[in-house]
Protein chains: 2
Amino acid sequence: MDAKSTEMGLVHLLRAVTVEFDLLGAEFAVRHGLHPTDVRALIHLLDAARSGTRATPGWLGGQLRLNSAGTTALVDRLERLGLVRRSKDVADRRRVLLEVEEKATVLGETFFGPVIGEVVRAAEGFEEAELATVRRFLTAVLESTARAR
Amino acid sequence: MDAKSTEMGLVHLLRAVTVEFDLLGAEFAVRHGLHPTDVRALIHLLDAARSGTRATPGWLGGQLRLNSAGTTALVDRLERLGLVRRSKDVADRRRVLLEVEEKATVLGETFFGPVIGEVVRAAEGFEEAELATVRRFLTAVLESTARAR
DNA sequence: GGCGATAATCTCGTTCAGCGAGATAGTACG
DNA sequence: CGTACTATCTCGCTGAACGAGATTATCGCC
């Protein structure tokens, strides 16, 4: 029971952090006239751009669990906001590639800048070895939950 | 730059965990005919019940950043599903108290059971001292981000 | 103790994100 | 070349959430 309640504490902490990050995202969204989904899409698109993954509407919809109609509407929205640009894939002309505009990366930095700052401050009181432990734990949780789905 | 990219990794990990938990919640929601908002509401209501906080529609709406109309619709939905019961506060009869039904706690356990199981499994390869470090770090992040808002 | 001010909740009408179904256009493969 | 397949988009609809304002209960003040 003691061991279990210990892990309960971890679950609640993780959930609390999740809630906090969600709220940050939501507040950022309304402040910039976006929807929470738009912010999530932006995050995925920036991740893709950074890792060199080619983003398409179908891929984006899959990440966000949206159907094709919703995805089209989402991309329309992002395009209208000047955050993303549609371009045809020359190799497979059925495909549409989504390229993030300068404006989107700027917006991403605006969002993550403060968050990173806060995490850096929170990490200040920790040894590098301790941070490594935290990273290892979060990675384990991630793999574990991803596998569960 | 190295220290900064180290913290970047932490931010990305935390964000990834957030995304993963969100997806779990969303999938749980559709599987039980609920909306994501309903699941979030349920979490808040169960938290309130556990900590002895008296829940009212106004309080719940504040937690979820819903306006009064949306809150009423939400409570209607939850009541129709038999997850919650409205009852008048005897001390202040303007107020409506929200009491969670047995069904809601069962549903909550159904949701968190597997999540807890996964986190427990993820925690298995760690020393108690390491888990304490993780808890301390998450608490620090929580305070830090909460303060930023 | 009545009466305006205040607070919590609910009602009404509207907007728009996301869904299901199906159309359209490009590709692969026999 | 025709058939099966895939990617994206169009159309019509449902319902969550919004803004504005009505309703109901309580409190403070004279």
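Within every chain, numbering begins at 1; the chains are lettered A, B, ... in the order of the sequence lines, protein sequences first and strands thereafter.
One finds a salt bridge joining B:Arg135 and B:Glu128 here, because a Lys/Arg side-chain nitrogen approaches an Asp/Glu carboxylate oxygen to under 4.0 Å. A salt bridge links B:Asp47 with A:Arg15: the closest approach of a Lys/Arg side-chain nitrogen to an acidic carboxylate oxygen falls below 4.0 angstrom. Ionic pairing of B:Glu118 and B:Arg121 is present here: one or more N-O contacts between side-chain nitrogen and carboxylate oxygen are shorter than 4.0 angstrom. A salt bridge is absent between B:Asp89 and B:Arg94: the closest approach of a Lys/Arg side-chain nitrogen to an acidic carboxylate oxygen does not fall below 4.0 angstrom.
With rounding to whole Å, B:Leu81 atom CG is found 10 Å from D:dA16 atom P. Regarding A:Asp92, its CG atom lies at a distance of 8 Å from the C1' atom of D:dT6, rounded to whole Å. The distance from atom CG of B:Leu34 to atom P of D:dG15 is 15 Å, rounded to the nearest whole Å. If you measure from atom CG of A:Leu66 to atom P of C:dC16, you get 18 Å, rounded to the nearest angstrom. Spacing between atom NZ of A:Lys88 and atom P of D:dT6 amounts to 20 Å, rounded to whole angstrom units. Rounded to a whole Å, the CZ atom of B:Arg94 is 20 Å from the P atom of D:dA22. Rounded to an integer number of Å, the gap from A:Leu97 CG to D:dA7 P is 13 Å. For the pair A:Asp76 CG and D:dC9 P, the computed distance is 7 Å after rounding to whole Å.
At the heavy-atom level, A:Ala69 lies under 4.0 Å from base atoms of the strands shown. Contact annotation for A:Thr71: no contact, since no heavy-atom pair falls under 4.0 Å across all strands.
At the phosphate of C:dA8, neither OP1 nor OP2 sits under 4.0 Å from any side-chain N or O atom of B:Thr56. Taking side-chain N and O atoms only, A:Arg65 has no distance below 4.0 Å to OP1 or OP2 of C:dG18. Proximity of A:Arg77 to the phosphate of C:dC16: no side-chain N or O atom is located under 4.0 Å from OP1 or OP2.
Each of A:Gly70 and B:Gly58 was matched to the nucleotide of DNA chain C holding its nearest heavy atom; the match closer to the 5' end belongs to B:Gly58. Ranked by how close their nearest DNA chain C nucleotide is to the 5' end, A:Ser68 and A:Arg40 are led by A:Arg40.
Here the nucleotide nearest the side chain of B:Arg95, chosen from C:dG26, C:dT11, C:dA8, is C:dA8. Ranking D:dA16, C:dA17, C:dT27 by closeness to the A:Arg93 side chain, first place goes to C:dT27.
Classified by interplanar angle (parallel below 30°, tilted 30° to 60°, perpendicular above 60°), the ring pair B:Trp59/B:His44 is perpendicular.
Side-chain to base pairing of A:Asn67 with C:dG20: one donor and one acceptor N or O lie within less than 3.5 Å of each other.
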